[in-house]
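Report on one structure; see the data block that follows.
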Amino acid sequence: MRQQDLIRAALDGKATCVIKNANVVNVFTNEIIPADVALYEDVIIGIGEYSCENEIDAEGGYLAPGFIDAHVHIESSMVIPSSFMKVLMPHGTTTIIADPHEIANVAGVAGVRAMYKMTDDLPLRVLFMMPSCVPATPFEHSGAKLVAEDMEQFLRKSRILGLGEVMDYVSATGGAQEMLDKLRLFDGKPIDGHAPLLSGRALNAYRVAGPSTDHECSNYEEVKEKLRTGMRILIRVGSAAKGIADILRSIARDGLPTENILFCTDDKHIETIRQEGHINCNARLAVSCGIPPVEAVKMASYNAARAYGLKNIGAIAPGYKADMVLFEDLKDFRVKRVFTRFGKPYEETEYRMPLLPPEVYGSVQIAPVTEGSLCLPVRERMPVIKMVPEQLITELVYRSVKSEHGAFVPADGLCKLAVVERHHATGSIGVGIVEGMNIKNGAIASTVAHDSHNLVVAGDNDDGIAGLYMNLLYHLRSSLKYFGCEGKNLRVLVIAELACNGSEDTGSLRIFVFSDDDRCVLVELNVGTVASSDALRSSDYDCLYDITLLYDSARSRFLNAGNDDIADPGITSARAAENTDAHKFLCARIVSDLHK
């Protein structure tokens, strides 16, 4: 009956909504056409001259198909999907193709089900690729393992499109049976690749195995070689992956066809999306590098829809879904209005957090640290992981290092790095040296650590590292994403120790910050905003009175601001105070002292 209604509405020109006076981007002819766009509920029924009672004036803005993020890990935003949506949809993204690889490596099948459940009814269209590498490599310690038999049940899910990034290219090209079983299961469906710098016959073998996309190209020659094999290339602009402007300039210079080039973010932090944008950031960069504007729009929409077999998505034409984005121009891609997959203007609203399986909570299980666990014996020249600014790729270098009693001591810009198994309390710890983190007088600990999400701790002293490791993450089962040195800035994550559900699912983060006079402040910020002591003087932020825990390395103790069911009842509480900006300064309780 619905199809008959749509056909009749298209014939009669009877729309439920008309977007008037738009410059419509046509991805089939590469034209920009001044026209009205007629909708019947959530479907486009015509482009031309239309009118109805419900009209929206585009005022000459550029109406493009809703943008598509062709490969993203929602968990890397460190918020739940509804909160993630609130940040990216205002930038014109109406569809994402998500790989729940991160939560699957922590919670397995339960994690995938949780992500699916949390995205059921969102205005954002959330599609999935089934995680292929859980664990990412055979020798990693992940929280779960997924084999083909585990994945088979998800083939019936309408929003699961294919197999996620095959990062274990060694198993794929080596014919490992477990990997071949997964590839066969998804034969005929999209299979994402992940093969940085793979070339020659190894690339040929990888392509024969099944993967048909790649988002890891770091130079133009790699892009061309992979395109020649028939792969589609995802141009990634994320938080850590930079340096793609040269690739885009080379594509524009050579007039390389862009039909098989599309956009993704992969891993992009909330604060970066707020500052730069989402897929509209990719399009803006492409145009600035010489890519024609309509081609940039196609790379941001139609090309991705074709690559993943999405029917009636990615274009403004009769029969296509009515998720669209209205831009001021096709240079800066500033958004005027976004239309959701329901064919309605996007408006921010609250979404109830669904009931999730218990497996996605309380996933930090760490064995006690023993004396000498963090000891790293030295030799004349030590291997060091050198960080490359704004790049995902690191370098292996060798350095002469400082030592005491034959063990490495952090100094001269070198920090100690420990990876601690955190899923099954096996006690497995790897210790190494990292250059470029510039940590002073503190430590940073994260359970957001691709790809198995074990606890990674780095610092310039063993006390700080062991303090975070033992007391905070073992005894308290808490999880940190960011711990700023010298007692500033803490982000707390609760879902699979990967994402924060905020206060009453508002999408806010709970962050402790120390003011200049060492008072402990708990502030509620918009999703992903990282506060500093200067930010506390701004009236843009409201306070939060939910409490969680942190560890202050400067004063070597745990702090708690008012949560009686966690705090030691034998400790007296300090009084609360307020500043002139109406932030509630909650003075700290001492919960524990590391050196007692």
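In this text, all values refer to a predicted model and were calculated from it rather than measured experimentally. One-based numbering along the sequence shown.
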Note: K268-E276 ion pair, threshold 4.0 Å (strictly below) | yes
Looking at side-chain heavy atoms only, is the closest gap between V134 and D150 below 4.5 Å?
-> no
I233 versus K226: any side-chain heavy-atom pair under 4.5 Å?
-> yes
Expected output: side-chain K344 to main-chain P123 donor-acceptor under 3.5 Å = no
Cation-pi between R337 and Y346: NZ/CZ under 6.0 Å from ring centre and within 45° of the ring axis?
-> no
For the pair Y116 (side chain) and R159 (backbone), establish whether a donor and an acceptor sit closer than 3.5 Å, ignoring hydrogens and angles.
-> yes
Is the shortest heavy-atom distance from the side chain of I316 to the side chain of V37 under 4.5 Å?
-> yes
Taking it one step at a time, do I68 and T93 satisfy side chain to side chain contact (heavy atoms under 4.5 Å, CB included)?
-> CA-CA 6 Å; I68 300 172; T93 302; over 6 Å; no
From K224 NZ over to C217 SG, what is the distance, rounded to the nearest 0.5 angstrom?
-> 12.5 Å
Quick one: side chain to side chain donor-acceptor pair (under 3.5 Å) pairs with a partner in residues 52-66, sequence neighbours left out?
-> N21-D57
Around F128, counting heavy atoms of other residues, nucleotides and ligands shown, do more than 12 lie under 6.0 Å from its CZ?
-> yes
Interatomic spacing from CD1 in I97 to CG in L310 - rounded to 0.5 Å | 5.0 Å
Please assess V109 against M151 for the test side chain to side chain contact (heavy atoms under 4.5 Å, CB included), listing each intermediate value before the final yes or no.
-> CA-CA 8 Å; V109 167; M151 300 176 178; over 6 Å; no
Is there a donor-acceptor pair closer than 3.5 Å between any side-chain N or O of T213 and the backbone N or O of G193?
-> yes
May I ask you to check whether H71 and D99 show a side-chain donor-acceptor distance below 3.5 Å?
-> no
Give a yes or no on whether the backbone of K321 and the side-chain of R341 come within a donor-acceptor separation of less than 3.5 Å.
-> no
Would you indicate whether the side-chain heavy atoms of E41 and R2 approach each other to under 4.5 Å?
-> yes
So does D121 have more than 12 non-hydrogen atoms from other groups sitting under 6.0 Å from CG?
-> no
Any side-chain heavy atom of M387 within less than 4.5 Å of one from E395?
-> no
Any chance you could measure S132, atom OG, to D192, atom CG, to the nearest 0.5 Å?
-> 8.5 Å
Quick one: does N23's side chain have a donor or acceptor within less than 3.5 Å of a partner on I32's backbone?
-> no
Test side chain to side chain contact (heavy atoms under 4.5 Å, CB included) applied to Y220 and R253, step by step | CA-CA 11 Å; Y220 182 51; R253 180 198 65 215; 3.8 Å; yes
Indicate yes or no for a side-chain donor-acceptor contact from Y169 to the backbone of P196 under 3.5 Å, with no hydrogens or angles considered.
-> no
Test side chain to side chain contact (heavy atoms under 4.5 Å, CB included), reference V297, set V287, N303, I291, L330, output is L330
Are more than 12 heavy atoms from other residues, nucleotides or ligands located less than 6.0 Å from atom CD of E49?
-> no
So, for T94 and G66, which heavy atoms are closest and what is the spacing to 0.1 Å?
-> OG1-CA, 3.2 Å
For E152, look at atom CD and say whether over 12 heavy atoms of other residues, nucleotides or ligands are found less than 6.0 Å away.
-> no
Residues D323 and T340: side-chain donor-acceptor under 3.5 angstrom | no
May I ask you to test the V18-S51 pair for a side-chain heavy-atom distance under 4.5 Å?
-> no
Taking D329 for its side chain and K331 for its backbone only, find out whether a donor-acceptor pair lies under 3.5 Å.
-> yes
Quick one: pull up CE in M324 and OG in S301 and give me the separation to the nearest 0.5 Å.
-> 12.5 Å
For the residue pair E225 and S199, confirm or rule out a side-chain donor-acceptor distance under 3.5 Å.
-> yes
In terms of side-chain heavy atoms, does E165 have a donor or acceptor partner in H101 at a distance below 3.5 Å?
-> no
Using the salt bridge (Lys or Arg N to Asp or Glu O under 4.0 Å) rule, take R334 and D332 through it: C-alpha gap first, then chi angles, then the decisive distance, then the call.
-> CA-CA 6 Å; R334 285 189 291 267; D332 296 322; 3.1 Å; yes
Nearest heavy-atom pair of V325 and P65: which atoms, and what distance?
-> CG1-O, 3.6 Å
Any donor-acceptor pair under 3.5 Å from S83 side chain to V79 backbone = no
Knowing that exactly one of D266, D267, T265, D451 qualifies, which makes a side chain to side chain donor-acceptor pair (under 3.5 Å) with H73?
-> D266
Does any donor atom in the side chain of T119 or R125 lie under 3.5 Å from an acceptor atom in the other side chain?
-> no
Count the heavy atoms belonging to other residues, nucleotides or ligands that lie under 6.0 Å from NZ of K336, then report whether that count exceeds 12.
-> yes
Please confirm whether F263 and F67 have ring centers closer than 6.0 angstrom.
-> no
Side chain to side chain, I19 and Y50, heavy atoms closer than 4.5 Å | no
Please round to the nearest 0.5 Å and tell me the distance separating atom OG1 of T95 and atom CG of L124.
-> 7.0 Å
Beyond-backbone contact of V27 with V294, side-chain heavy atoms, under 4.5 angstrom = no
Worked verdict on L155 versus M130 for side chain to side chain contact (heavy atoms under 4.5 Å, CB included) = CA-CA 9 Å; L155 290 176; M130 191 68 198; over 6 Å; no
Is the backbone of N26 close enough, under 3.5 Å, to the side chain of E31 for a donor and an acceptor to pair up by distance?
-> no
Supply the atom-to-atom distance C264 SG to M299 CE, rounded to the nearest 0.5 angstrom.
-> 11.0 Å
Those residues that, when tested against D12, pass side chain to side chain contact (heavy atoms under 4.5 Å, CB included) (two or more places apart) | R8, K14
Check the pair R184, D187 against salt bridge (Lys or Arg N to Asp or Glu O under 4.0 Å), reporting the backbone distance first and the verdict last.
-> CA-CA 5 Å; R184 288 195 193 101; D187 185 37; over 6 Å; no
Candidate pair N105 and H453, rule side chain to side chain donor-acceptor pair (under 3.5 Å), full reasoning | CA-CA 7 Å; N105 266 279; H453 299 284; 6.0 Å; no
More than 12 heavy atoms of other residues, nucleotides or ligands under 6.0 Å from NZ of K20: is that the case?
-> yes
Answer yes or no: is there a donor N or O on one side and an acceptor on the other, between the side chain of N280 and the main chain of H278, under 3.5 Å?
-> yes
Within residues 284-298 or reaching into it, pairs that qualify as side chain to side chain donor-acceptor pair (under 3.5 Å) - sequence neighbours excluded | N30-K298, T258-E295
